[in-house]
Amino acid sequence: DCLREDGDGTLWIAFEKLGLGRMRDHNLELLTRSNGLPSDNPDWIFEDRERNLWVGWADAGLSMFRDAKFTSFGKAEGLSSDSISSVIQAADGSFWVGTFDAGVNHLVNGSVRVYSAAEGLAGKSALGIVQSRDGSIWIGSGAGAATRMKDGRATSFRISGPLTPELPAIVQDRGDLWFGFDMPNGLARLRDGHFEQIPLEGRVKALAVAPNGALWIASYLHGLSELKDGVFRHYSVNEGLSST
C-alpha cells in the first residue's frame, strides 16, 4: 500500500493485512504482531525530521518507530480513531494525523486536539494532508472538498459538479497547490478560490513534486504521469510499469 525509504536507505513497505516490510541490502524482513507491532495491517509510513519512523495502521492507530521500538498512539492515547489515513510533520514540529472516519488530530508535545465537521472540516474523513508555504494546513476530505486550517479557522473549497470524490493527495510545487481527486480528470489546482480541473484520464491516487519542480501523478488505470513546464508525459505498461 505504501513505500518509504528512510535516511539510512532502508526501504519500508506497508503490506495490507500482512505486516510491515523492511528491506536492507536486498533482504526483505517482515515485521508482524509477533515482533511486537500493534497490527498486521499498516496503511501509511512517514519519516520525520528527527528520523523517527511513523506508521499509520488501518485498525490500530499510529505508531512511532525509533531505536527498534514502537510507541503507539491510538484512541487510548487521545486520538479520535484507530483508523489512520495520513501523517505529516508541520514546520513547528507538531504532527497532523488524518483518520478515515473521525477528522484530523493535531499532536503537540503529546497532547491531542481533534478537528471534525463541528470545527469546520468538510467531512468526517481527513485523507491527504499538506502544509503550504504560508503555514496553512490543507486537508482532503472524502466528500469532494479540501479544508484549509489557518490560525485556528477552517475554510472549505468544493469541487464543482455532481460528484463528491475522495481527495487522497495534496502537494505544492514552486507555486501552485495541486489536488488529486479519486475521479476521472481528478487533477486540479486552486485558482481564486475555485478548483481548476486539468484533463487527465484515470482516477488520481497520489501526487509528488520532484526536485526539478515536475509534478508526478499516480492514477488508477492510467499509470504514472509527469507534468513539467505544462507538458504531460505518460508512463504505463508499455514503458515498463508492472501495471496501471
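In this chain, residues are counted from 1 in sequence order.
Side-chain contact annotation: S34 with T32, donor-acceptor N/O pair under 3.5 Å present. Side-chain atoms of S39 and N41 form no donor-acceptor pair, as typed in the model, at a separation below 3.5 Å.
Using a 4.5 Å cut-off between side-chain heavy atoms of Ile, Leu, Val, Met, Phe, Trp and Tyr, with links allowed through other members, L190 and L167 fall into the same hydrophobic cluster.
Applying the 4.5 Å side-chain rule to ILVMFWY residues, one finds F100 in the same cluster as L127.
Among residue pairs with one or both ends in residues 28-53, none qualify as ring-ring contact (aromatic ring centres under 6.0 Å, His included); sequence neighbours excluded.
Residue K150 qualifies as enclosed at atom NZ: its count of foreign heavy atoms under 6.0 Å is above 12. By the neighbour-count criterion of 12 heavy atoms within 6.0 Å, atom NZ of K228 is densely surrounded, having more than that number from other residues, nucleotides or ligands. Enclosure of atom CZ in R153 is not indicated, since only 12 or fewer non-hydrogen atoms of other residues, nucleotides or ligands lie within 6.0 angstrom. Open room surrounds CZ on R233; 12 or fewer heavy atoms of other groups in view lie less than 6.0 Å from it. Within 6.0 Å of the NZ atom in K205, the count of heavy atoms belonging to other residues, nucleotides or ligands exceeds 12.
Contacts of E196 classified as salt bridge (charged side-chain N to carboxylate O under 4.0 Å, His left out), with partners at least two apart in sequence or in another chain: R189.
Looking only at distances, no side-chain donor or acceptor of D25 sits under 3.5 Å from a matching main-chain atom of N27. Looking only at distances, no side-chain donor or acceptor of D176 sits under 3.5 Å from a matching main-chain atom of W178. When atom types are taken as modelled, the side chain of R33 and the backbone of P38 share a donor-acceptor pair closer than 3.5 angstrom. Under the 3.5 Å distance criterion, the side-chain polar atoms of S141 are left unmatched by any main-chain donor or acceptor of A122. A donor-acceptor pair under 3.5 Å links the side-chain atoms of S85 to the main chain of A126, judged by distance alone. Using modelled atom types, no side-chain atom of D40 and backbone atom of L18 make a donor-acceptor pair closer than 3.5 Å. In this structure a side-chain-to-backbone donor-acceptor pair under 3.5 Å is present from D82 to K75. Judged by distance alone, with hydrogens and angles left aside, the side-chain atoms of E47 form no donor-acceptor pair with the main-chain N or O of R4 at under 3.5 Å. A distance-only check finds a donor-acceptor pair linking the side chain of S80 to the backbone of A102 [under 3.5 Å].
In this structure, F195 has its ring center closer than 6.0 angstrom to the ring center of F181.
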Stepwise salt bridge (charged side-chain N to carboxylate O under 4.0 Å, His left out) test for R51 and D8: CA-CA 9 Å; R51 300 177 71 175; D8 295 324; 2.4 Å; yes

Stepwise side-chain hydrogen bond (donor to acceptor under 3.5 Å, both in side chains) check, S160 with H194: CA-CA 8 Å; S160 60; H194 299 281; over 6 Å; no

Step-by-step salt bridge (charged side-chain N to carboxylate O under 4.0 Å, His left out) determination, D182 to R203: CA-CA 5 Å; D182 186 9; R203 310 170 73 94; 2.9 Å; yes

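Residue N105 is tested with V87, T99, L62 for a side chain to side chain contact (heavy atoms under 4.5 Å, CB included); the sole match is T99. Checked against W138 for a side chain to side chain contact (heavy atoms under 4.5 Å, CB included), the options Q172, Q131, M149, R148 give a single hit: R148.
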